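Residues: numbered from 1 along the sequence shown. Here the structure is a predicted model, which is why all the values come from computation and not from measurement.
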Amino acid sequence: MSIICGLPLLECIYCLACARWAWNRCLHTASHDSVTWGLATAEEFEPVPRLCRYILAVYEDNIRHPLWEPPGGYGINPDWLILRKTYEDTRGQAPSYILYLDHEHADIVLAIRGLNLAKESDYQVLLDNQLGKRKFDGGYVHNGLLKAAGWVLDAECEVLKELVEEHPNYTLTFAGHSLGSGVAAMLALVVVQHQDKLGNIDRSRIRCYAIAPARCMSLNLAVRYADVINSVVLQDDFLPRTATPLEDIFKSLFCLPCLLCLRCMKDTCIPEEKMFKDPRRLYAPGRLYHIVERKPFRCGRFPPVVKTAVPVDGRFEHIVLSCNATSDHAIIWIERESQKAMDFLGKFTQSH
């Protein structure tokens with residue numbers, strides 16, 4: 001067709017579609033996602049930087065002799081560490097994790113690390129899903145992440161039950177980053193649905209903090225479990241905004257133009273209303289906390305502001321074209337900025 005007309009017709013159409021998509025995306029900034037949300041309080045946001053440090057501790061081979069600890073350390077008492085499971089222990093069924101009995105904060109914490117780019121098993125967890133493949137409690141979830149969560153719960157059920165019964169006033173917290181955030185969110189769902197497995201633990205004692213969360217559950221579940229699950233997103237982080245199946249993201253991780261091309265054609269050809277009404281579509285789970293530290297058309301970072309809501313519409317629907325889209329996904333940066341936000345919230349609370 002292009003040759004007959006003497007014009008590269010298909011190429012022109014593609015270029016126009018990409019130009020339209022890029023224009024719309026360039027006008028969209030991260031602050032737009034949470035512009036109508038309320039401010040988080042210091043009390044509700046307090047666990048976030050602490051749990052980020054616990055997740056970082058999973059990367060250490062020996063917590064008594066840490067090699068990569070952030071300024072101020074991990075805040076972990078090695079004597080309170082119940083167990084640590086590596087990839088060899090999980091046999092690739094789930095990422096590495098630790099179980100920590102936090103007496104200082106009356107909390108039982110199971111912290112799960114993020115994606116290991118060198119582990120094929122992590123990719124297999126992500127690849128094990130298709131749109132609408134797995135139903136759960138009247139909604140849809142990511143099949144591979146649910147299976148990984150089921151493996152962790154089966155492996156640690158007796159230990160968790162014993163700790164929950166020994167410390168009836170302690171909360172039970174599941175925390176994870178990236179891939180681990182999806183596993184943590186699925187763990188929270190399964191435990192809430194099967195509270196008898198942990199000695200009929202009350203729902204109010206169960207918490208989940210999904211740091212840089214994967215889109216792992218349908219909207220109805222994300223809203224219904226917002227009292228249990230909390231998602232934390234730093235500014236422009238790409239993963240919570242990517243509705244493309246997770247396997248496509250990581251297949252394209254080293255070919256960003258391919259991913260942008262696919263998103264361009266999909267957004268151009270499929271109306272947003274049709275995509276958003278699909279009940280199988282997966283979203284970032286639970287209540288959302290958005291850390292905003294950069295403003296449009298301004299250089300540098302500002303004192304971070306934390307916005308929070310349980311949105312039904314506008315739940316991080318669009319990728320932000322930003323040079324920070326991948327760096328904002330790093331757990332190290334999230335820990336630093338969440339601690340700054342916590343310090344700022346504390347000063348703000350004291351001044352009022």
Discussion item. Does this structure show an ion pair linking Lys85 with Glu156, if we count only N-O contacts that are shorter than 4.0 Å?
Written reply: yes
Worksheet item: Do the side chain of Lys133 and the main chain of Asn143 share a donor and acceptor less than 3.5 angstrom apart?
Response: no
Worksheet item: Considering the options Val228, Thr171, Ile229, which one meets the side chain to side chain contact (heavy atoms under 4.5 Å, CB included) requirement together with Arg207?
Response: Thr171
Worksheet item: Is there side-chain contact between Leu126 and Leu115, with heavy atoms separated by less than 4.5 Å?
Response: yes
Worksheet entry | Ile291 side chain near Phe45 side chain, heavy-atom distance below 4.5 Å | yes
Worksheet item: Taking side chain as C-beta onward, heavy atoms only, is Arg224 less than 4.5 Å from Asp137?
Response: yes
Worksheet, complete the sentence: Between Ser231 and Ala284, the two heavy atoms sitting closest are OG-C, 4.3 Å
Worksheet entry | Side-chain donor/acceptor of Arg241 to backbone N/O of Ala325, under 3.5 Å | no
Worksheet item: So, do Tyr54 and Trp80 have ring centers that fall under 6.0 Å from each other?
Response: no
Worksheet item: Does some side-chain heavy atom of Ile76 sit less than 4.5 Å from a side-chain heavy atom of Ile98?
Response: yes
Worksheet entry | Nearest heavy-atom neighbours spanning Gly182 and Leu145 | CA-CD1, 3.8 Å
Worksheet item: Would you say the side-chain atoms of Gln235 and Asn324 include a donor-acceptor pair closer than 3.5 Å?
Response: no
Item to complete: Taking all heavy atoms of Leu288 and all of Pro311, pick out the closest pair and write down the distance.
Response: CD1-CG, 3.7 Å
Fill in: Under 3.5 Å: donor-acceptor pair, side chain of Glu60, backbone of His65
no
Worksheet item: His103 versus His167: any side-chain heavy-atom pair under 4.5 Å?
Response: yes
Worksheet item: With a 3.5 Å cut-off and no angle check, do the side chains of Thr86 and Glu88 form a donor-acceptor pair?
Response: yes
Fill in: Cationic N near anionic O, under 4.0 Å, Lys161 to Asp196
no
Practice prompt. Enter the distance from Leu67:CG to Asn62:CG here, rounded to the nearest 0.5 Å.
Written response: 8.5 Å
Discussion item. Could you check whether any side-chain heavy atom of Asn200 comes within less than 4.5 Å of a side-chain heavy atom of Glu165, counting everything from C-beta outward?
Written reply: no
Discussion item. Side chains of Asp128 and Gln124 only: does a donor on one sit below 3.5 Å from an acceptor on the other?
Written reply: no
Worksheet entry | Check: Cys208 and Leu187 side chains under 4.5 Å, non-hydrogen atoms | no
Discussion item. Between Ser218 and Tyr140 (side chain of the first, backbone of the second, donor and acceptor by atom type, cut-off under 3.5 Å), is there such a pair?
Written reply: yes
Fill in: Tyr87 side chain reached by Asp122 side chain, heavy atoms, under 4.5 Å
yes
Worksheet item: When the ring planes of His329 and His177 are compared, do they come out parallel, tilted or perpendicular, using 30° and 60° as the limits?
Response: tilted
Response to the item:
Heavy atoms of Glu44 and Thr308 approach each other most closely as OE2-CG2, 4.3 Å
Discussion item. Under a 3.5 Å threshold, yes or no: a donor from one side chain and an acceptor from the other, between His105 and Tyr170?
Written reply: no
Discussion item. Closer than 3.5 angstrom, by distance alone: can the side chain of Tyr100 be matched with the main-chain N or O of Asp107 as a donor-acceptor pair?
Written reply: no
Discussion item. Is it the case that the side chain of Thr173 and the backbone of Val109 share a donor-acceptor pair, with hydrogens and angles ignored and the cut-off at 3.5 Å?
Written reply: no
